[in-house]
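Written below as structure tokens is the structure these notes are about.
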2 protein chains.
Amino acid sequence: MKNNITESSKCNAEDCPTVDGLRMTRQRSEVYSVLMSYRDHPTAGEVFERAKENMPTISLATVYNCLEALVQHGAVRQVNFERESSRYCPNLTEHGHFHDEESGKIIDVPLKKGAKLSDLLDLPEGAEIDNLEITLRGKISNN
Amino acid sequence: MKNNITESSKCNAEDCPTVDGLRMTRQRSEVYSVLMSYRDHPTAGEVFERAKENMPTISLATVYNCLEALVQHGAVRQVNFERESSRYCPNLTEHGHFHDEESGKIIDVPLKKGAKLSDLLDLPEGAEIDNLEITLRGKISNN
DNA sequence: CTAGGTGCAAAAGGTTTGCGGTTAA
DNA sequence: TTAACCGCAAACCTTTTGCACCTAG
């Protein structure tokens with residue numbers, strides 16, 4: 001997965017990046033900007049609510065479409081927790097997610113530098129990994 | 001997560017285990033038996049289809065309810081792949097899942113003995129993990 | 001100019017729920 | 001005996017789709 005965002009912005013929306021190969025529209029910029037400014041892990045519905053503040057006419061279907069386009073082009077990530085709604089994450093580095101059962105918060109969990117997945121798992125012979133999702137659920141004991 | 005299945009069966013269905021604290025019914029036995037005999041990773045709908053062969057009157061809602069009860073009592077696991085339907089897995093050992101994009105098959109990926117999650121991830125301070133889900137998607141290059 | 005995106009509303013698909021009748025312990 | 005479960009159908013919720021209009025490049 002590669003970050004396709006460049007700074008060669010020609011887009012008229014403020015703070016609007018160009019994503020290679022993705023036609024940028026006002027709605028896509030708004031959705032992307034929502035994700036970048038809050039930097040938590042909102043659901044599509046939450047992105048919709050936030051986007052409406054700046055762009056009252058945007059529709060939920062468009063938010064879904066924009067999110068999908070951004071995910072396909074590697075600008076953001078989609079994160080799935082069990083059966084909950086998908087959440088979207090602007091952190092493009094390799095990481096997992098810890099879901100705190102008490103606060104409900106989702107915390108990015110970085111992969112240790114130099115650590116290899118094959119040290120933890122007995123991967124099948126010849127496996128080529130396109131996508132890795134590590135999700136943890138639990139509590140934080142702050143004693 | 002602990003395996004609550006005992007062999008002290010009092011249930012009238014053949015090959016019917018007792019799960020501590022879970023009232024065993026014909027439907028729950030059938031659902032459990034479907035999972036144990038195929039040992040792949042069926043969706044609720046697939047479990048329903050298979051269960052109907054032995055028990056034509058069972059309903060899909062009951063299959064969902066039985067699966068939920070079995071999951072809650074630690075008799076089987078629920079596995080979520082991206083936005084697909086949940087799948088159910090009778091393998092109770094700690095493991096991840098590899099989703100082969102070519103065959104569509106789901107392969108259990110054992111955790112290496114002695115390997116620790118904290119060797120791979122920078123876990124948050126004081127994190128107590130109740131649930132870990134590792135899902136991989138990719139291809140198997142058989143050269 | 002036009003391929004592709006948008007907004008809307010409706011459909012789809014998986015899962016859950018409410019209710020009257022049934023059953024395991 | 002009775003709390004809990006079953007079957008059914010309807011509800012629910014997230015996500016996708018079809019279509020007429022619009023817009024970025």
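Predicted model only: the values in this text are computed from it and were never measured. When reading the values below, keep in mind they use all heavy atoms of this one structure, side chains included, and skip hydrogens, waters and symmetry mates. Residue numbers start from 1 in every chain, and the chains themselves are labelled A, B, ... in the order their sequence lines are given, proteins ahead of strands.
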Exercise. Please name all residues satisfying side chain to side chain donor-acceptor pair (under 3.5 Å) with A:Arg83, sequence neighbours left out, ordered by chain then number.
Key: B:Asn80, B:Ser86
Self-check item: Short side-chain N/O contact from B:Thr25 to OP1 or OP2 of D:dC6, under 4.0 Å
Solution: yes
Please list, for nucleotides 11-13 of chain D, all pairs of protein and nucleotide N/O atoms separated by less than 3.5 Å.
none

Quiz prompt | Residue list, side-chain contact (heavy atoms from CB on, under 4.5 Å) with A:Ser103, at least two apart or on another chain | solution = A:Asp100, A:Lys105
Self-check item: B:Ala69 or B:Arg83, whichever maps to the more 5' nucleotide of DNA chain D
Solution: B:Ala69
Quiz item: For the residue pair A:Gln27 and A:Met55, what are the closest heavy atoms and their distance?
Solution: CG-SD, 3.8 Å
Practice problem: Quickly work out the A:Arg28 CZ to D:dT23 C1' distance and round it to whole Å. | Solution: 12 Å
Quiz item: Between B:Leu67 (CG) and C:dT16 (P), how many Å, whole number?
Solution: 10 Å
Self-check item: Set of side chain to side chain donor-acceptor pair (under 3.5 Å) partners for A:Arg137, sequence neighbours left out
Solution: A:Glu82, A:Glu101
Quiz item: Do A:Ile140 and A:Phe98 have side-chain heavy atoms sitting under 4.5 Å apart?
Solution: yes
Ignoring hydrogens and angles, write down the donor-acceptor pairs under 3.5 Å from the side chains of residues 112-129 of chain B, residues two or more places apart or on other chains.
{"from": "B:Lys112", "atom 1": "NZ", "to": "A:Ser118", "atom 2": "O", "distance (Å)": "2.8"}

Quiz item: What is the distance from CE of B:Met24 to P of D:dC6, rounded to the nearest Å?
Solution: 10 Å
Quiz prompt | Interatomic distance where CD belongs to B:Glu68 and P belongs to D:dC6 [whole Å] | solution = 12 Å
Self-check item: Helix axis bend for the helix from C:dC1-D:dG25 to C:dA25-D:dT1 - C1'-based end axes, five pairs, 10° rounding
Solution: 50°
Quiz item: Within this structure, what is the CZ-to-C1' distance between B:Phe48 and C:dT15, rounded to whole angstrom?
Solution: 14 Å
Taking only N/O atoms, report every protein-nucleotides 19-23 of chain C pair under 3.5 Å with atom names and distance.
{"from": "C:dT23", "atom 1": "O2", "to": "B:Arg23", "atom 2": "NH2", "distance (Å)": "2.8"}

Self-check item: Gap between atoms CE and P, on B:Met55 and D:dC8 respectively (whole Å)
Solution: 13 Å
Quiz prompt | Between D:dT23 (C1') and A:Gln27 (CD): distance, integer Å | solution = 9 Å
Practice problem: Flag the pair B:Tyr88 / B:His41 as yes when at least one side-chain heavy-atom distance between them is below 4.5 Å, and no otherwise. | Solution: no
Exercise. Measure across B:Leu111 and B:Gly96 and return the closest heavy-atom pair with its distance rounded to 0.1 Å.
Key: CD1-N, 4.1 Å
Exercise. Nearest whole angstrom, please: distance from the C1' of C:dG14 to the CD of B:Glu82.
Key: 17 Å
Quiz item: Counting only non-hydrogen atoms, which of residues 39-46 of chain A are less than 4.0 Å from DNA chain C?
Solution: none
Quiz item: Closest heavy-atom contact between B:Pro42 and B:Leu35?
Solution: CG-CD2, 3.6 Å
What pairs of donor and acceptor atoms, side-chain ones from residues 57-71 of chain B against any protein atom, are under 3.5 angstrom apart with sequence neighbours left out?
{"from": "B:Ser59", "atom 1": "OG", "to": "B:Thr62", "atom 2": "N", "distance (Å)": "3.2"}
{"from": "B:Ser59", "atom 1": "OG", "to": "B:Thr62", "atom 2": "OG1", "distance (Å)": "3.0"}
{"from": "B:Asn65", "atom 1": "ND2", "to": "B:Ala61", "atom 2": "O", "distance (Å)": "3.3"}
{"from": "B:Glu68", "atom 1": "OE2", "to": "B:Gln72", "atom 2": "NE2", "distance (Å)": "3.1"}

Practice problem: Please name all residues satisfying side chain to side chain donor-acceptor pair (under 3.5 Å) with A:Arg87, sequence neighbours left out, ordered by chain then number. | Solution: none
Practice problem: Using the test side chain to side chain donor-acceptor pair (under 3.5 Å), find all partners of B:Asn91 that sit at least two apart in sequence or belong to another chain. | Solution: B:Thr93, B:Asp108
Quiz item: Which ones in residues 56-65 of chain A lie close to DNA chain D, meaning a heavy atom under 4.0 Å from one of its atoms?
Solution: A:Leu60, A:Ala61, A:Tyr64, A:Asn65
Quiz prompt | Student check: side-chain heavy atoms of B:Glu30 and B:Glu53 closer than 4.5 Å | solution = no
Exercise. Scan side-chain atoms only and decide if A:His95 and A:His97 contain a donor-acceptor pair under the 3.5 Å cut-off.
Key: yes
Quiz item: Are the side chains of B:Ile134 and A:Leu132 in touch, meaning some heavy atoms are under 4.5 Å apart?
Solution: yes
Quiz item: Considering only heavy atoms from C-beta outward, does the side chain of B:Val47 approach that of B:Glu49 to under 4.5 Å?
Solution: no
